[in-house]
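For ligands, and for the atoms within them, numbers begin at 1 and follow the listed sequence.
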Amino acid sequence: MRIIDANGIGLHVADQGPQDASAVVFANSLGTDLRLWDALLPHLPDGLRLVRYDKRGHGLSEAPPGPYSIGQLADDATGLIETLGLRQPVFVGLSIGGLIGQELAARRPELLRALVISNSAAKIGTATMWRERIAGIRKGGLDVMAAPTMERWFSPAFRATAELAMWQRMLERQPAAGYIACCEAIAAADLREQTAALSLPVQVIAGSLDGSTPPELVRATADMIPDARYDEIAGAGHLPCVEAAADYAAILTRFLKEIGHV
Ligand SMILES: O=C(O)CC1=CCC(=O)O1
């Protein structure tokens with residue numbers, strides 16, 4: 001793991017696998033860091049270059065003052081791809097990571113081989129909802145919203161496990177200002193028109209119990225993209241790469257094989 005300079009800020013990156021191999025870049029969700037993908041990676045085929053990073057305002061990456069925009073976050077991802085010299089990676093983005101992927105694919109389609117939009121949509125929530133969430137965090141910090149967030153992120157079965165505490169702590173320890181700045185980016189993002197015009201291969205993934213981006217919302221985004229594949233993971237919440245890692249890996253691996261990336 002290391003810090004690289006991308007788009008003028010320090011991004012925390014984990015870069016593993018052969019440097020000359022087909023690459024996959026993973027962009028995580030609001031309130032998580034690159035450990036989001038830890039359970040998934042061992043299920044993926046050997047021989048890929050797997051790059052994870054903490055977006056600005058999260059984890060060990062820099063958290064410059066907000067508000068951020070999805071365009072800025074997509075430029076960070078562009079900087080990461082260029083700094084690491086990745087040749088046409090597949091970009092896997094979960095939730096806000098999926099918004100970043102959609103924006104990146106619209107701005108710089110030549111940079112990507114394909115896109116995976118996971119537990120995300122072309123527009124997530126309403127401006128009012130995000131304003132209320134931001135006001136709550138400014139008043140009480142991230143701790144006050146940790147319990148309801150766990151209900152949106154995970155199925156009841158996963159919430160009964162000892163692992164839940166780690167995810168709750170990960171959320172509580174994100175820089176509040178960085179989290180808020182990313183909420184502002186999501187609140188302002190309406191990518192419906194540009195996402196409908198995407199022409200690269202797209203795989204969309206939903207969780208049947210997702211309390212943040214419900215399957216109907218995710219499906220509606222898949223339906224607007226020509227030839228997009230759609231899969232729903234039964235019994236999983238907003239972070240299926242955590243609680244259904246093998247199922248998630250099977251969908252991702254099938255897609256990587258279909259497009260000849262592995
Ligand atoms: O916290 C949530 O509700 C989940 C979420 C919404 C956008 C994102 O990136 O995570």
Checklist outcome for this item: If we number the atoms of ligand 1 from 1 as shown, the ones under 4.0 Å from a heavy atom of Ile186 are 7 (C)
Checklist entry - Of all the atoms in ligand 1, which lie at a distance below 4.0 Å from a heavy atom belonging to His238? => result 4 (C), 5 (C), 10 (O)
Item to check | Leu30 N/O under 3.5 Å from ligand 1 N/O | outcome: yes
Checklist entry - What's the verdict on salt bridge (Lys or Arg N to Asp or Glu O under 4.0 Å) for Lys123 and Asp190, showing C-alpha distance, side-chain angles and the deciding distance? => result CA-CA 5 Å; Lys123 177 170 168 48; Asp190 183 347; 5.2 Å; no
Checklist outcome for this item: atom 4 (C) of ligand 1 has as its nearest protein heavy atom Ser212 OG, 3.2 Å
Checklist entry - N/O of Trp130 under 3.5 Å from N/O of ligand 1, yes or no? => result no
Item to check | Working for side chain to side chain contact (heavy atoms under 4.5 Å, CB included), residues Lys55 and Ile96 | outcome: CA-CA 10 Å; Lys55 66 186 157 296; Ile96 185 175; 3.5 Å; yes
Next on the checklist: Check this for me - ligand 1, Ile96, N or O atoms closer than 3.5 angstrom, yes or no?
Outcome noted: yes
Next on the checklist: Checking Asp20 against Arg87 for the salt bridge (Lys or Arg N to Asp or Glu O under 4.0 Å) test, could you report, in this order, the C-alpha distance in whole Å, the side-chain angles of both residues, the deciding distance, and whether it holds?
Outcome noted: CA-CA 9 Å; Asp20 57 352; Arg87 274 176 285 112; over 6 Å; no
Item to check | Check against salt bridge (Lys or Arg N to Asp or Glu O under 4.0 Å), Arg254 and Asp231 | outcome: CA-CA 11 Å; Arg254 188 193 64 206; Asp231 284 275; 2.6 Å; yes
Checklist entry - Heavy atom of Arg133 under 4.0 Å from ligand 1? => result yes
Next on the checklist: Return the closest protein heavy atom for atom 8 (C) of ligand 1 as residue, atom name and distance.
Outcome noted: Ser95 OG, 2.5 Å
Checklist entry - With a 3.5 Å cut-off and no angle check, do the side chains of Gln102 and Thr195 form a donor-acceptor pair? => result yes
Checklist outcome for this item: For Arg152, the ligand 1 atoms with a heavy-atom partner under 4.0 Å come out as 1 (O), 2 (C), 3 (O)
Checklist outcome for this item: One finds that the ligand 1 atoms under 4.0 Å from a non-hydrogen atom of Trp153 are 1 (O), 2 (C), 4 (C)
Item to check | Connected hydrophobic set around Leu34, excluding itself, where side chains approach under 4.5 Å | outcome: Met1
Checklist entry - Are any non-hydrogen side-chain atoms of Ile4 and Leu84 less than 4.5 angstrom apart? => result yes
